[in-house]
S.K.: 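Below is one structure. I have some questions about it.
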Number of protein chains: 2
Amino acid sequence: MLTVFLSKNKLIILYGASLALILFLLKWLEYRFVVISHSFEIYVGAIAVIFMALGIWLALKLAKPKINTVVVEKEVIIEKEIIVASGIGFVFNEKEIEKLGISKRELEVLQLMSEGFSNNEIAEKLFVSLNTIKTHSSKLFEKLDVKRRTQAIEKAKRLSLIA
Amino acid sequence: MLTVFLSKNKLIILYGASLALILFLLKWLEYRFVVISHSFEIYVGAIAVIFMALGIWLALKLAKPKINTVVVEKEVIIEKEIIVASGIGFVFNEKEIEKLGISKRELEVLQLMSEGFSNNEIAEKLFVSLNTIKTHSSKLFEKLDVKRRTQAIEKAKRLSLIA
DNA sequence: TCTAAAATCATACTTTAGTATGACTAAAGA
DNA sequence: TCTTTAGTCATACTAAAGTATGATTTTAGA
């Protein structure tokens, strides 16, 4: 019971502990700096920096962007190409994506590739390392059974995997 | 000139202004609270909260835009215009091709690039050397004002330079 | 709780891609 | 005829892209 609670709220507990630690640290800093004259600004600045960093960290940690793939299965009589050409909207070929076993992250990379971004630029955009993008693209090429990114783009567009 | 600068850096200026405002506010708060005894904690707490909020706001503002791939399914009625538009024939944007000064050979290379062929494969197909293809593609990138073949493909398709 | 898939990153390496520069030829115009 | 342009090719680079392999960490499911 307790262990379940612990594991389930691991993240929250971690945050609480972090906060407590920081508060303790701040209290200590307060007593250290308050005696030294003209250190008030430094103390306040430190707090500002620490909490801003904490805020940024929290936001980035908690606000994980997820791809909302809304599946609406309806009768589609007309072929994709015609729909695209008529500019009504783009229909992702989710069946094919699933069939090929392409993950969300891989799809993101594929999309950015098709927009002309380099691996480095994609890495920056997704806040991951270059190596990660290379790994993603390699797996992508395997799944798509292609050898190059240009081929991947061509095939992905043809199969309506990406816009 | 100045207005262009202002409009281009609107966001950055806004951030700067916000920061200045907050600093001003904090200074005021400092003088208000510092005289009142035992308000030190309140002041520090306020700073912590404000800067944490600022951090969260900043992170959310600057973080990666969520990719919401929403599948929109609409009832599509087949019409003559749509079928015609759907590609019985592709209309090349010859004006743009001429405007950019792209030669026939370069256009051939561009087309093959977009089909996913490597420089080597293109060279074989056109019965020329790899270096020739590299020269063509380099000139092509200059004329298209791009850095990579994937960008070239994206732009060329967007401008209907190729099918 | 245990596990498998997904995502991350690294190191080391090979292969393509792309740049810079210069040279040669053929064709088309002024 | 002279000049320009397109097309060809080479050498020598630098910069990306892609492969192989292994490791770690999340995340989601059974």
Side-chain angles (χ1 to χ4, degrees), chain A residues 1-12 14 60-67 69 97-155, chain B residues 64 67 97-98 100-110 112-155:
Chain A
M1 199 67 176
L2 182 64
T3 49
V4 172
F5 177 81
L6 281 174
S7 65
K8 271 199 171 186
N9 298 284
K10 196 172 61 181
L11 207 64
I12 295 167
L14 188 71
L60 287 179
K61 199 76 187 178
L62 293 176
K64 40 191 166 185
K66 288 190 174 180
I67 300 178
T69 40
I97 292 172
E98 201 172 339
K99 204 173 81 183
L100 295 171
I102 295 171
S103 73
K104 289 175 186 181
R105 206 57 163 166
E106 285 164 353
L107 201 63
E108 276 186 278
V109 172
L110 185 57
Q111 177 67 54
L112 290 169
M113 267 184 186
S114 79
E115 290 168 23
F117 294 107
S118 70
N119 284 340
N120 238 313
E121 289 168 343
I122 295 171
E124 281 180 23
K125 271 183 188 287
L126 300 184
F127 298 106
V128 295
S129 83
L130 173 59
N131 286 311
T132 304
I133 301 303
K134 285 185 175 184
T135 306
H136 283 319
S137 52
S138 258
K139 289 189 174 179
L140 209 39
F141 299 157
E142 259 186 56
K143 290 174 182 177
L144 283 170
D145 190 31
V146 296
K147 290 202 186 309
R148 280 173 290 281
R149 53 172 52 213
T150 47
Q151 269 185 357
I153 293 165
E154 194 277 328
K155 189 159 189 177
Chain B
K64 41 188 166 181
I67 300 178
I97 293 173
E98 200 173 340
L100 294 171
I102 295 172
S103 72
K104 290 175 188 173
R105 206 56 160 167
E106 285 164 353
L107 202 63
E108 275 186 279
V109 173
L110 185 56
L112 290 170
M113 266 185 186
S114 79
E115 290 168 22
F117 294 106
S118 70
N119 284 341
N120 237 316
E121 290 167 344
I122 296 172
E124 280 179 25
K125 271 184 187 287
L126 301 183
F127 298 109
V128 293
S129 84
L130 172 61
N131 286 310
T132 304
I133 301 302
K134 285 187 175 184
T135 307
H136 282 321
S137 52
S138 258
K139 289 188 174 180
L140 210 38
F141 299 157
E142 258 187 57
K143 290 174 182 177
L144 283 170
D145 192 29
V146 296
K147 291 205 187 307
R148 280 174 290 281
R149 54 173 50 215
T150 47
Q151 270 186 353
I153 293 166
E154 194 276 328
K155 189 160 190 177

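Bear in mind the structure is a predicted one, so any value in this text is a computation, not a measurement. No hydrogens, no waters, no symmetry mates; every other heavy atom, side chains included, goes into these values. By convention in this document, chain letters (A, B, ...) are assigned in the order of the sequence lines, proteins followed by strands, and residues within each chain are numbered from 1.
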S.K.: By nearest nucleotide on DNA chain D, pick out whichever of B:Glu106 and B:Leu130 is the more 5' one.
M.R.: B:Glu106

S.K.: Which nucleotide, D:dA10, D:dA17, C:dA17, lies nearest any side-chain atom of B:Ser129?
M.R.: D:dA10

S.K.: Between D:dA16 atom P and B:Arg148 atom CZ, what is the distance in whole Å?
M.R.: 8 Å

S.K.: Would you kindly give the CD-to-P distance between B:Glu98 and D:dT5, to the nearest whole Å?
M.R.: 14 Å

S.K.: So which nucleotide from D:dA6, C:dG18, C:dA7 ends up closest to the side chain of A:Ser103?
M.R.: C:dA7

S.K.: Give, for atom CD1 of B:Ile133 and atom NZ of B:Lys125, the distance between the pair rounded to the nearest 0.5 Å.
M.R.: 12.0 Å

S.K.: Any idea which of C:dT19, D:dG7, D:dA17 is nearest the B:Lys134 side chain?
M.R.: C:dT19

S.K.: Rounded to whole Å, please give me the gap between NZ in A:Lys147 and C1' in D:dA17.
M.R.: 14 Å

S.K.: May I ask you to say what A:Asn131 touches in the nucleic acid, namely base, sugar-phosphate or nothing, with a heavy-atom cut-off under 4.0 Å?
M.R.: base

S.K.: Report the distance from atom CD1 of B:Ile133 to atom C1' of D:dA6, rounded to the nearest whole Å.
M.R.: 14 Å

S.K.: Just checking A:Thr135: base, sugar-phosphate only, or nothing, at a heavy-atom cut-off of under 4.0 Å?
M.R.: base

S.K.: Heavy-atom distance under 4.5 Å between the side chains of A:Leu126 and A:Leu112, does that happen here?
M.R.: yes

S.K.: If I take atom CG in residue A:Leu107 and atom C1' in nucleotide C:dA7, what distance separates them, rounded to the nearest angstrom?
M.R.: 15 Å

S.K.: Taking the side chain as every heavy atom from C-beta outward, state whether B:Asn119 and B:Arg149 have any atom pair closer than 4.5 Å.
M.R.: yes

S.K.: Counting the atoms with a prime plus P, OP1 and OP2 as sugar-phosphate, which does A:Ser118 contact under 4.0 Å by heavy atoms, base, sugar-phosphate, or nothing?
M.R.: sugar-phosphate

S.K.: Between A:Asn119 (CG) and C:dA10 (P), how many Å, whole number?
M.R.: 15 Å

S.K.: Look at B:Glu142 together with B:Lys139 and state whether they make a salt bridge at an N to O cut-off of under 4.0 Å.
M.R.: no

S.K.: With a 4.5 Å heavy-atom cut-off, do B:Arg105 and B:Val128 have their side chains touching?
M.R.: yes

S.K.: Scan B:Thr132 against the nucleic acid and name what it touches under 4.0 Å (heavy atoms): base, sugar-phosphate only, or nothing.
M.R.: base

S.K.: Of the options C:dT8, D:dA17, D:dT19, whose atoms approach the side-chain atoms of A:Arg105 most closely?
M.R.: C:dT8

S.K.: Working to the nearest 0.5 Å, report the span between CG of A:Leu140 and CE of A:Met113.
M.R.: 6.0 Å

S.K.: Check the distance between C:dG18's P and B:Ile122's CD1 and give it to me in whole angstrom.
M.R.: 9 Å

S.K.: Determine whether the side chains of A:Thr132 and A:Ser129 contain a donor N or O and an acceptor N or O closer than 3.5 Å.
M.R.: yes

S.K.: Between the protein and nucleotides 24-29 of chain C, which nitrogen or oxygen pairs come in under 3.5 angstrom?
M.R.:
none

S.K.: Does D:dT8 have OP1 or OP2 sitting under 4.0 Å from an N or O in the side chain of B:His136?
M.R.: yes

S.K.: Could you give the NZ-to-C1' distance, from B:Lys104 to D:dA6, as a whole number of Å?
M.R.: 10 Å

S.K.: Between B:Arg148 and A:Glu121, is there a salt bridge with N-O shorter than 4.0 Å?
M.R.: yes

